[in-house]
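In the text below, chain A, chain B and the rest are named by the order of the sequence lines, each starting its count at 1.
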Number of protein chains: 2
Amino acid sequence: MKETRLGEFEEVLLLLVGILGEDAYAFKIAEEFESQTQRAVSIGAVHSTLNRLSEKGFLTSEMGSSSPERGGRRKRIYTITAIGRRVLEEARDFKVSLWQQYPGFANG
Amino acid sequence: MKETRLGEFEEVLLLLVGILGEDAYAFKIAEEFESQTQRAVSIGAVHSTLNRLSEKGFLTSEMGSSSPERGGRRKRIYTITAIGRRVLEEARDFKVSLWQQYPGFANG
DNA sequence: TATATTAGTTCTACAATTTAGAATATAATG
DNA sequence: CATTATATTCTAAATTGTAGAACTAATATA
């Protein structure tokens, strides 16, 4: 198995999938990313990252069977796997631990 | 000026520079990285990242004037700039905010 | 039932970050 | 001054990050 490294953008997208729950499909994720970061992102960037995350085993996905409001293709809904969640937690804990060692930030 | 994005490895290295203070030179940073992550890293990886971080204005550096124990080239000591520190804090705050929105992690 | 409209994914390509390791430089010591 | 130890600098390649065009499918409406 490959190393389970997590890039910056990958980490944020993984977190967004967790936050969005049932609504975790590419378009919505891109929207949410933009509203939370004030930073533009292309839909292609989101899709290819979501694919990579799936290949690594951090996400699963399935086509939504529902009927959209106006029309359009069916959504692909993403879900975090147990491994994905663990990797996310490890990344968080590691950063927290580093911040605690940073002089002047120990109790802030 | 380019966008001030911070990659995953860049962020960790920046934090390590802050933690190491006077001892923040490439070799030591690499050692510290390995001991904190249980993950091997090449010295070249550290050097090129430190350079990039400097070009972005997140780090400054100067040659140490001291004499080492046995021999060897003089160290290049790195220091975080005010911008570097701000970028680091922003990255941290953003992640914290995302975790707070993640159902099941709000108070943990 | 053909066509326009809307919503969404897939594909292709390129830029930036991350990674490794060889080459080189410098200082102390015998 | 040759050898050894300590570091940096350089070169190159793999992985991530990014953009946008092409494509697909469902619905509405004429």
Specify the closest pair of heavy atoms between [X] and [Y], including all atoms of both residues, with the distance to one decimal.
| X | Y | answer |
| --- | --- | --- |
| Leu13(A) | Leu50(A) | CD2-CD1, 4.2 Å |
| Ile80(A) | Tyr102(B) | CD1-OH, 3.4 Å |
| Ser54(B) | Tyr78(B) | OG-CE2, 3.8 Å |

N/O (side chain, [X]) to phosphate O (OP1/OP2, [N]) under 4.0 Å:
| X | N | value |
| --- | --- | --- |
| Arg5(A) | dT19(C) | yes |
| Lys56(B) | dT17(C) | yes |
| Lys28(A) | dG8(C) | no |
| Tyr25(A) | dT9(C) | no |
| Arg74(A) | dT10(C) | no |

So what does [X] hit on the nucleic acid, given a heavy-atom distance under 4.0 Å: a base, only sugar-phosphate, or nothing?
| X | value |
| --- | --- |
| Val46(A) | nothing |
| Gly7(B) | sugar-phosphate |
| Phe9(B) | sugar-phosphate |

[X] has an atom [atom1]; how far is it from atom [atom2] of [N], in whole Å?
| X | N | atom1 | atom2 | result |
| --- | --- | --- | --- | --- |
| Leu6(B) | dT17(C) | CG | P | 10 Å |
| Arg52(B) | dC10(D) | CZ | P | 16 Å |
| Lys75(A) | dA26(D) | NZ | P | 12 Å |
| Glu10(B) | dT15(D) | CD | P | 19 Å |
| Asn51(A) | dA19(D) | CG | P | 17 Å |
| Glu32(A) | dG8(C) | CD | P | 15 Å |
| His47(B) | dT6(D) | NE2 | P | 14 Å |
| Ile29(B) | dT6(D) | CD1 | P | 18 Å |

Worksheet entry | Gap separating the CD atom of Glu31(B) from the OH atom of Tyr25(B), nearest 0.5 angstrom | 6.5 Å
Measure from the side chain of [X], starting at C-beta and using heavy atoms only, and say which of [options] lies closest.
| X | options | value |
| --- | --- | --- |
| Ala45(A) | dG21(C), dT8(D), dT18(D) | dT18(D) |
| Arg73(B) | dT18(D), dT9(C), dT24(C) | dT24(C) |
| Phe27(B) | dT17(C), dT9(D), dA7(D) | dA7(D) |

Response to the item:
Comparing Glu8(A) with Ile43(A), nearest DNA chain D nucleotide closer to 5' gives the residue Glu8(A)
Item to complete: Spell out yes or no: do the side chain of Ser48(A) and the base of dT16(D) have one donor N/O and one acceptor N/O closer than 3.5 Å?
Response: no
Worksheet item: Do Arg76(A) side-chain and dG8(C) base share a donor-acceptor contact under 3.5 Å?
Response: no
Discussion item. With side chain to side chain contact (heavy atoms under 4.5 Å, CB included) as the test, pick out the partner of Gln101(A) among Leu20(B), Ile19(B), Leu15(B).
Written reply: Ile19(B)
Worksheet item: Under a 4.0 Å N-O cut-off, is there an ion pair linking Glu8(B) with Lys95(A)?
Response: yes
